[in-house]
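One structure is given below, encoded as structure tokens.
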Amino acid sequence: MNSIARPNITRRLIRRSFSALALFASLSGALVAAEPQRGGVVNVLMSSEQRILNPALRASTGVYLITSKIMEPLVDLDANGTPQPMLATSWSTTPDGKTITFKLRQGVTWHDGKPFTSADVQFTAMEMWKKYLNYGSTLQRHLEAVDTPDAHTAVFRYSRPMPLDLLLRALPDLGYIAPRHVFEGTDIQKNPANTAPIGTGPFKFVQYERGQFIIAERNPNYWRKGFPYLDRIVWRIITDKSAASAGIESGQLHIAPYSSLPLADLDRLKKDARFEVTTRGNEGNGVTNTLEFNHRRKELADIRVRRAIVHALDIDFFCKNFLYGFGKRGTGPIPTSSPEFYPQGMPQYPFDKAKAEALLDAAGYKRGADGKRFSVRLLPAPWGEDISLWATFVQQSLGGVGIDVEIVRYDAAGYLTNTYKDWNFDIATGWHQYRNDPAVSTTVWYRSGSAKGSPWTNQWGWESAAIDKIIDDAASELDPKKRRALYAEFVKAVNTEVPIWMAIERQFVTVVNKSLHNHSNTTRWPSSHWADLWIER
Amino acid sequence: MRVLALAGRRLLSSIPTLLIILVGLFLLLQLAPGDTVDALVAQMGGGDQKMVEELRRFYGLDAPVAVQLGRYIWRLVQLDLGYSAIYGKPVVNVILERLPATLLLMGSALSFAFFAGIALGIIAARRVNKWPDTLISTLGLVFYATPSFWFGLMGIVVFAIRLAWLPSGGFETVGAGYTGLMRVLDIARYLVLPTLTLALIFLAIYLRIMRASMLEVLTLDFVRTARAKGVAEQAVIVRHVLRNALLPVVTLIGLQAGTMLGGSVVVESVFALPGLGRLAYESVVQRDLNTLLGIVFVSALLVISVNFMVDLIYARLDPRIS
């Protein structure tokens, strides 16, 4: 009798502690619908094939979407964008900002059973982040060494001051740790673990069937006891957007992350009670649609012409009618989704056709006999329906003020080569991605001195010594308040100059089947661990 | 033995063609702006100069074009198709992984189109200008005029979303672990929609050709002779007319086997099938030269062998051809 009764008590106890947990969670602002159920398989849409699955070598949403469940970074961000311990449990810096010490989590093992130690951190930082990781090699340019006084302490030594808050905001994306014992002494780029990742995360890699699917299953030895809830995650590779929508609607897929469905379908699914269509959980990864001016064209080198172009665009109209409201007027390089850095009251160029015409006249480009002032070639990047629509909208709008626009389309490689390597464009338009801190991937759009051909950097034939100085000062300023002020100064300067313009501010859209719970609860949720995600059955 | 010698001769004579195609394609792709590293960087959404240089060295793209071409041909002579940039493994493996799905899809679509096309073509020809003929010809026209991606998507909307009878995409149930007959049935369920989508256009072509050539052969003297000597109508159609009317359709199959290999990008994308068409498309977009050249190589070999088989079938159908 006794032995039967006991499990009931335990179960009740567990339930009680769960409800206590639920209460706590709802107090802290998270949504808890019901008691989590264990088990189940979640199918995730993967809209492009990945060459490698190693986030310590490749910083991209496509790689994170899969590997963030298998490998883990030192720190992650919570729903408010505050750094949270992952593989690092605490961190500190010295007054000169040149030494940053991480205390590492104890009792963590790799999926192959070996213990996780500071040697892994040292190896990953020096051999992967610094050498191969995109944005990582820039971030860690002044990293001189990582010392390992003991197995659970890693000391990062920099030759120039590294602001701790910058590093902590960058590390969720650029701070994934790879196992040293797997990579050491091999050709890192050819290592088989790049496509069959070994990590410390809540899910273990099982299989990557090219062109079809990737599977990861529950890691029973995960350091967060009792997690994850799911048995399996399957990423299904579906390149056709309409087919992906069909997969979501038929229930074959549960999650479509990173705006991977057609805009019209997103709008339709928004009204369907079975799904949640949300930008929540993507706050850390803002996207802005750009207008990149080639200052080698004399017309575009004139500040009045650039301002006139922005004045000529009714961006609010575009967002409402073309983007179905999935976007709003951009205000500068730092998006509103980054409250730590977003400055108020910066120079803006609202829609004003008459002013645009007046500015163009003042610049000396009067309308000719055919009503045209001059013509430009506009290159839209091929990665998104919105860019293509935007290019057409720009063409029509500028036509209205007498600037003739020819749209020239290329595929991805062609676009990058023509824009950033050959400078064979007048205006280019694509996406700028903001990654939690302006120093990670935003200021490179304005800082001079980028190597020719380096994509998403200042290739405009424009430079400003004053702005370069602000960027450099901000990147090594240790006081968060002063850094914030420097970035406000930066935004003011570039919003005045308009070397390029961030016209539309958007967030990625996630479509989730409502049978899933605990989703979209961090600022980079599709790229986070999903240990607490569960599915109702 | 004679067949083997013939096959050998065929293969030998196609080597120069093959070489010209491969070298031509290699040079053509040099004209496309950007290389595989650009494509990769585009996919990643960001990259810095140091990493880009590192990757160019890694993929051997830092050498001049002539050197790259020389390396490629030297490898080809050794029957080595090289290393795939997108997939990080030998091209041979990448293609072999995709071949089964492609052949299965193509094989089933082609045979369905062939047999259904012939059957419908015969019915239409026998009842020419009556209602079955009108119905079949109209249907054929509709099939022929409708783009296949639309058929595919409509099939998904009706059968996968509304009725939930068939899966909306994929090749088999992921992680179900079926074996033997269960697996065959599972894959068959997944292939119903893509096969029909791909087959409908070809079906339309075959049925029209079949109808036309049946009508033509039916007017020939030997048919009249056969009827005059009292051969049963069934036997006239099957033994005399059909055999002769089949020749154009067989020719067409030989021609289309090649296009079908590369022509299913749309269907493969819509149904998320891991086929060669999508692989080829992907390798163009990703500027993965080795993979693309490998696919061309394999496709060329397939076309050569299919045409060889068509020749053999010709000889069977019409003894005057030998």
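Note that the coordinates shown come from a computational prediction; the quantities given were computed from them, not determined experimentally.
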Hey, which of A/Glu209, A/Arg236, A/Gln207 has the most heavy atom pairs under 4.5 Å with chain B?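 The candidate making the most pairs under 4.5 Å is A/Arg236.
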Heavy atoms only, distances under 4.5 angstrom: which of A/Thr417, A/Val234, A/Thr195, A/Asn418 has the most pairs with chain B? Name it, please. A/Thr417
Evaluate whether atom CZ of B/Arg162 has more than 12 neighbouring non-hydrogen atoms of other residues, nucleotides or ligands under 6.0 angstrom away.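 Counting neighbours around CZ of B/Arg162, 12 or fewer heavy atoms of other residues, nucleotides or ligands fall under 6.0 Å, so no.
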Should we say atom OH of B/Tyr59 is surrounded by more than 12 heavy atoms from elsewhere, each under 6.0 Å from it? yes
Which portion of [X] sits near chain B, non-hydrogen atoms under 4.5 angstrom:
X	answer
A/Lys131	backbone
A/Leu416	side chain
A/Ser441	neither
A/Gln252	side chain
A/Tyr208	neither

At their closest point, which heavy atom of [X] faces which heavy atom of [Y], and how far apart are they?
X	Y	result
B/Ser269	A/Asp240	O-CB, 3.2 Å
A/Ala243	B/Leu153	N-CD2, 4.3 Å
A/Gly414	B/Arg287	N-NH2, 3.6 Å

Could you check whether any side-chain heavy atom of A/Glu49 comes within less than 4.5 Å of a side-chain heavy atom of B/Gln286, counting everything from C-beta outward?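 A/Glu49 vs B/Gln286: side chains apart.
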Would you check if there is a donor-acceptor pair between the side chains of B/Ser84 and A/Arg210 at a distance under 3.5 Å? no
Which answer fits [X], side chain, backbone, both or neither, if we ask what part of it has an atom under 4.5 Å from a heavy atom of chain A?
X	value
B/Arg98	side chain
B/Tyr87	both
B/Glu282	side chain

Where the side chain of B/Arg278 meets the backbone of A/Gly211, is there a donor-acceptor pair that is under 3.5 Å apart?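 Between the backbone of A/Gly211 and the side chain of B/Arg278 there is a qualifying donor-acceptor contact (under 3.5 Å).
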Spatial distance of atom [atom1] ([X]) from atom [atom2] ([Y]) [nearest 0.5 Å]:
X	Y	atom1	atom2	result
A/Asp187	B/Phe58	CG	CZ	6.0 Å
A/Arg51	B/Thr36	CZ	OG1	3.5 Å
B/Leu55	A/Tyr132	CG	OH	9.5 Å

Taking A/Ser250 as the fixed residue, which of B/Leu166, B/Ile161, B/Val157 is the one that meets the side chain to side chain contact (heavy atoms under 4.5 Å, CB included) rule?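 When B/Leu166, B/Ile161, B/Val157 are each tested with A/Ser250, the side chain to side chain contact (heavy atoms under 4.5 Å, CB included) holds only for B/Ile161.
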